[in-house]
Participant: 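One structure is given below, represented as structure tokens, and several questions about it will come after.
Along the sequence shown, residues carry numbers from 1. The model shown is predicted, which means the values in this text are computed figures rather than measured ones.
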Amino acid sequence: MSRTRFDAIAESHKRNRINIEEKGRRSELFGQNVFNEERMLQYLTKEAHSSVKAAIFSGSKIDRKIADQVAEAMKTWAISMGATHYTHWFQPLTGATAEKHDAFFDLLPNGKGMEKFGGGQLVQQEPDASSFPSGGIRNTFEARGYTAWDPTSPAFIYGTTLCIPTIFVSYTGEALDNKAPLLRALHAVDEAATAVAKYFDKNVTKVNATLGWEQEYFLVDKALAHSRPDIIMTGRTLIGHSAAKGQQLDDHYFGVIPNRVIRFMSDLEQECTKLGIPVKTRHNEVAPNQFELAPVFEEANLAVDHNLLLMDVMEKVADKHSFKVLFHEKPFAGINGSGKHNNWSLATDTGVNLLSPGSTPMKNLQFLTFFVNTIKAVDTYEELLRSSIASASNDHRLGANEAPPAILSIFIGAQLSDVLDELEGVSQGKLSPQEKTELKLNVVGKIPEILLDNTDRNRTSPFAFTGNKFEMRGVGSKTNCAKPMTILNAIMAKQLIAFKKEVDILMDKKNLKKDEAVFNVLREYIKTSKRIRFDGDGYSTEWEKEAKRRKLSNNKNTPEALQVLTSKASLELFKSMDVMSEVEVKARQEVELEAYIFHIQIEGRVFNEIVNNHILPSSIAYQNKLIDNVTGLKEIFGAAHKKLSDGQLTIIEQIAEHIAEVKKKVDAMTDARKSANTITNIDKKARAYCDNVRPYFDEIRYHCDKLEQLVDNQIWPLTKYRELLFIK
């Protein structure tokens, strides 16, 4: 009998709590390991500082002379902080981050060593690009790829390494990462939003997209996690019968944070604070052993970098506290999965949140302009936005246990719905004085009464307005936020450009005043985007039917969702906004489909191993014990044993039936996987894995979970849900 499970449980009970000493105020620790504004003022010349600030604000280039100065300053600061190496920290299409470390070291002609780091090393590095996913942009033998410094995201020290956030491009210039398209989309939305914001305030010269992510995750004792091959290999439990107690009592949500966990959180927050990640909120989530962390809102590019860095820091700190952190969107069946809600807005350099209602009718007209344009953008590109959250792991989460469905819709609340209904009746063309007064005083002017807490939340809405921002709730907990943020900002830029063009035409050719022109265009947008607005239950079958009637997409799995990437409208959007070329878009579609195939393929192989090496042997062993028991009863009682062994015989029969079904399903799944592997077309191969391989997973799981209920607890080899979820 395997002792792995019971040894893991025993080890988890012996954990000594790590005491974490709070080291000063958070404000004093914040950014301690970041080459931020304070460090730049201290280490850079005035000329270099001005050049870097201009690059951050307007995207201007930094010449080589200035780059040398910045590099020298970074090196001096980093070495003073104990750094020995530097790396270009980038985001390949794996969805994670990557780095290659080089020492601050070189040899002089006389053979002596010296610390060296110049502008060339700061601005550009050449990691091997051949082993990263490229979607056909690069052949395996074409190894060259380049990382280029992104000055808008400050360098930081992680351990003993100076990390320099960079983009990653091929030798021929195509983006091989998630950051480059995001930066392009942010530039596009900046220009488009600034042009529209100038209707209301001529002093606006820049608009930043802001992002506040909410990171949900599970914590499992490290020994327990390592006792489960499926958790280690796939990030989730492929089998496991639900514990008698799950989340039905709602006693974990916002409850007292367990002692071991609060120490982990304190340690994590200190590390994050030093790295400039503005973590603020922590709490228990709905499911047992599920938690959430959220920061203060930041500029979107920086927020994306901080989220990726956070996930790496979380894994390291969790290991220190003998935890395994699970980012999989659905690590446990039957309870809530984990998302990464993306709270998005637009903010001007004058300090105004463009999605926040104001104190005057003109400020509220500005709010309505960006509010309605967001709704229109999402309505036009709802299928493309859905594709940005598609993954094999998120497919398990969407539409289950409070997660939003795969159908994209927008929730805005009753009060704002009433406002839009009023605006829908605005007269075409010039407005009468009475109508202008009515709109400004009684419609637009009353919006300030709609306070932040007056907009209710809809937990099943994929895209909800929550007072001064939109919350994109379908993003998975493992997802790189750059993907949905690239598409959201790109479609918003496209929409705002179209809006300004329409308003200018009405002003120039129809002689309408600015507010009249704005009202006229918004009226049409409200009408044409009405189908995307939905305030009800996203889980209801009635909504699915209604969504179909409204012609909203319902792509329930990743292969379906990714098809829209290469549609004519999508390619035109990316090209016109200078976000991605057709080659870059097609490459990403191929990479995503390939990743989907590999995830299902790995899970299928792990299923095969668990069933054949763990489930069947333990089930047969227990069945043999029962058979020996029945045989013994027969020897003692003769024919009378049948009455006495009726229960054992029933269990033997049930175990035999489930063993037969498990074996049959696993073999069929393996054959389906082998058949799918012969397909060369990647789209057809992904669909084969989705339609022909993955359906066996639930069937195999059903019989394995039944066996877990039948087999002696002392024999069952895999750590159970009640242990994984309730051992703190």
Side-chain angles (χ1 to χ4, degrees), residues 196 199-200 354-358 360-382 385 407-451 454-456 458 461-468 470 491-492 494-507 510-536 543 546-547 549-552:
V196 173
Y199 281 148
F200 309 97
L354 294 171
L355 287 175
S356 182
T360 67
M362 186 51 69
K363 288 180 180 178
N364 281 333
L365 184 55
Q366 175 179 266
F367 157 71
L368 282 171
T369 294
F370 287 92
F371 178 71
V372 173
N373 271 282
T374 304
I375 295 172
K376 178 65 174 174
V378 174
D379 176 65
T380 304
Y381 293 100
E382 48 89 14
L385 201 57
I407 304 169
L408 208 72
S409 63
I410 296 178
F411 167 80
I412 64 172
Q415 295 91 342
L416 282 171
S417 291
D418 291 342
V419 170
L420 296 194
D421 289 343
E422 290 274 2
L423 291 176
E424 197 176 337
V426 170
S427 300
Q428 189 170 352
K430 291 188 177 182
L431 308 180
S432 67
Q434 294 85 352
E435 190 171 15
K436 277 188 182 182
T437 302
E438 172 66 19
L439 284 171
K440 289 182 178 180
L441 293 182
N442 297 325
V443 180
V444 178
K446 286 190 175 181
I447 292 178
E449 295 177 12
I450 304 170
L451 303 175
N454 208 20
T455 304
D456 197 6
N458 184 324
S461 175
F463 204 86
F465 184 70
T466 54
N468 59 358
F470 279 98
I491 66 176
M492 190 61 178
K494 180 80 169 176
Q495 177 54 46
L496 289 172
I497 290 170
F499 170 78
K500 188 174 186 303
K501 185 177 180 181
E502 291 184 55
V503 170
D504 287 348
I505 289 173
L506 290 179
M507 291 167 63
K510 301 291 184 180
N511 294 320
L512 295 187
K513 292 183 178 179
K514 180 186 66 184
D515 52 353
E516 290 176 324
V518 169
F519 276 128
N520 269 261
V521 177
L522 292 183
R523 178 197 62 230
E524 294 306 309
Y525 288 173
I526 291 167
K527 289 179 180 178
T528 56
S529 64
K530 207 166 185 177
R531 65 167 191 157
I532 200 74
R533 286 159 45 198
F534 175 66
D535 290 354
W543 165 235
E546 173 62 16
R549 188 191 68 78
R550 296 187 188 189
K551 297 183 179 178
L552 292 170

Participant: Hey, does Asp504 have a side-chain heavy atom less than 4.5 Å from the side chain of Tyr199?
Facilitator: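 The answer is yes; the side chains approach within 4.5 Å.
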Participant: Is there side-chain contact between Ile497 and Lys501, with heavy atoms separated by less than 4.5 Å?
Facilitator: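 No. Closest side-chain heavy atoms not under 4.5 Å.
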Participant: Can you give me the closest heavy-atom contact between Ser529 and Ile375, atom names plus distance?
Facilitator: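 For Ser529 versus Ile375, the nearest heavy atoms are OG-CG2, 3.6 Å.
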Participant: Is the shortest heavy-atom distance from the side chain of Lys446 to the side chain of Glu422 under 4.5 Å?
Facilitator: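 Contact flag for Lys446/Glu422 side chains = no.
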Participant: Please examine the side chains of Lys510 and Glu516, heavy atoms only from C-beta on, and report whether any two atoms are closer than 4.5 Å.
Facilitator: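 No; the side chains remain at least 4.5 Å from each other.
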Participant: Once ring pair (Phe, Tyr, Trp, His ring centres under 6.0 Å) is applied, do any residues pair with Phe200, and if so which ones, sequence neighbours excluded?
Facilitator: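 Checked Phe200 against ring pair (Phe, Tyr, Trp, His ring centres under 6.0 Å); zero matches.
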Participant: What are the two closest non-hydrogen atoms of Ser409 and Phe534, and how far apart are they?
Facilitator: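 Closest heavy-atom pair between Ser409 and Phe534: CB-CB, 4.0 Å.
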Participant: Quick check for you: to the nearest 0.5 Å, what is the distance between Thr374 atom OG1 and Ile410 atom CD1?
Facilitator: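 One finds 8.0 Å between OG1 of Thr374 and CD1 of Ile410.
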Participant: What's the separation between atom CD1 in Ile412 and atom OG1 in Thr466, rounded to the nearest 0.5 Å?
Facilitator: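 These two atoms lie 13.0 Å from each other.
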Participant: Using the side chain to side chain donor-acceptor pair (under 3.5 Å) criterion, which residues pair with Glu546? Sequence neighbours excluded.
Facilitator: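 With neighbours one apart ignored, the set is Arg549, Arg550.
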Participant: Answer yes or no: is there a side-chain heavy-atom contact under 4.5 Å between Leu423 and Leu439?
Facilitator: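 SC-SC contact between Leu423 and Leu439 confirmed.
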Participant: Which distance, rounded to the nearest 0.5 Å, do you find between the NZ of Lys514 and the CG of Leu506?
Facilitator: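 Lys514 atom NZ to Leu506 atom CG measures 14.5 Å (nearest 0.5 Å).
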Participant: Looking at residues at least two apart in the chain, or sitting in another chain, which of them share a ring pair (Phe, Tyr, Trp, His ring centres under 6.0 Å) with Phe371?
Facilitator: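 By the ring pair (Phe, Tyr, Trp, His ring centres under 6.0 Å) rule, Phe371 matches Phe367, Phe465, Phe470.
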Participant: Working to the nearest 0.5 Å, report the span between CG of Asn373 and CG of Leu522.
Facilitator: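 Interatomic distance, Asn373 CG to Leu522 CG, rounded to 0.5 Å: 6.5 Å.
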Participant: In terms of heavy-atom contacts, does NZ of Lys527 have more than 12 from other residues, nucleotides or ligands at under 6.0 Å?
Facilitator: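 Atom NZ in Lys527 is crowded, with more than 12 foreign heavy atoms closer than 6.0 Å.
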Participant: So if I apply the side-chain contact (heavy atoms from CB on, under 4.5 Å) rule between Arg533 and each of Ile526, Leu416, Asp379, which one comes out positive?
Facilitator: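 Considering Ile526, Leu416, Asp379, a side-chain contact (heavy atoms from CB on, under 4.5 Å) with Arg533 is found only for Ile526.
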Participant: What pair of heavy atoms forms the shortest contact from Ile407 to Ala547, and how long is it?
Facilitator: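 What the structure gives for the nearest pair is CG2-CB, 3.8 Å.
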Participant: Any side-chain donor-acceptor pair under 3.5 Å between Glu435 and Ser427?
Facilitator: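 On atom types as modelled, these side chains qualify, holding a pair under 3.5 Å.
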Participant: Do the non-hydrogen side-chain atoms of Lys376 and Phe499 ever get within less than 4.5 Å of each other?
Facilitator: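 The answer is no; the side chains never approach within 4.5 Å.
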Participant: Could you measure the distance from the CZ atom of Arg531 to the CG atom of Leu552? Nearest 0.5 Å is fine.
Facilitator: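 The distance works out to 4.5 Å.
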Participant: When you look at Leu420 and Leu368, which way does the side chain to side chain contact (heavy atoms under 4.5 Å, CB included) test go after all the steps?
Facilitator: CA-CA 9 Å; Leu420 296 194; Leu368 282 171; 4.3 Å; yes
Participant: Just wondering, do Met507 and Val518 contact through their side chains at under 4.5 Å, heavy atoms?
Facilitator: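 Counting from C-beta outward, Val518 and Met507 never come under 4.5 Å.
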Participant: Within the structure provided, determine whether Leu431 and Leu512 are in side-chain contact (heavy-atom separation under 4.5 Å).
Facilitator: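 In short, these two side chains do not touch, never coming nearer than 4.5 Å.
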Participant: If you round to the nearest 0.5 Å, how far is CD of Glu502 from CG of Asn520?
Facilitator: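 It is 10.5 Å, given to the nearest 0.5 Å.
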Participant: Show your working on side chain to side chain contact (heavy atoms under 4.5 Å, CB included) between Ile532 and Phe463 and close with a plain yes or no.
Facilitator: CA-CA 10 Å; Ile532 200 74; Phe463 204 86; over 6 Å; no
Participant: Ignoring hydrogens and angles, tell me if any N or O in the side chain of Asn364 forms a donor-acceptor pair with the backbone of Pro357 under 3.5 Å.
Facilitator: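 No; zero donor-acceptor contacts below 3.5 Å.
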Participant: Show your reasoning for whether side chain to side chain contact (heavy atoms under 4.5 Å, CB included) applies to Thr380 and Ile491.
Facilitator: CA-CA 8 Å; Thr380 304; Ile491 66 176; over 6 Å; no
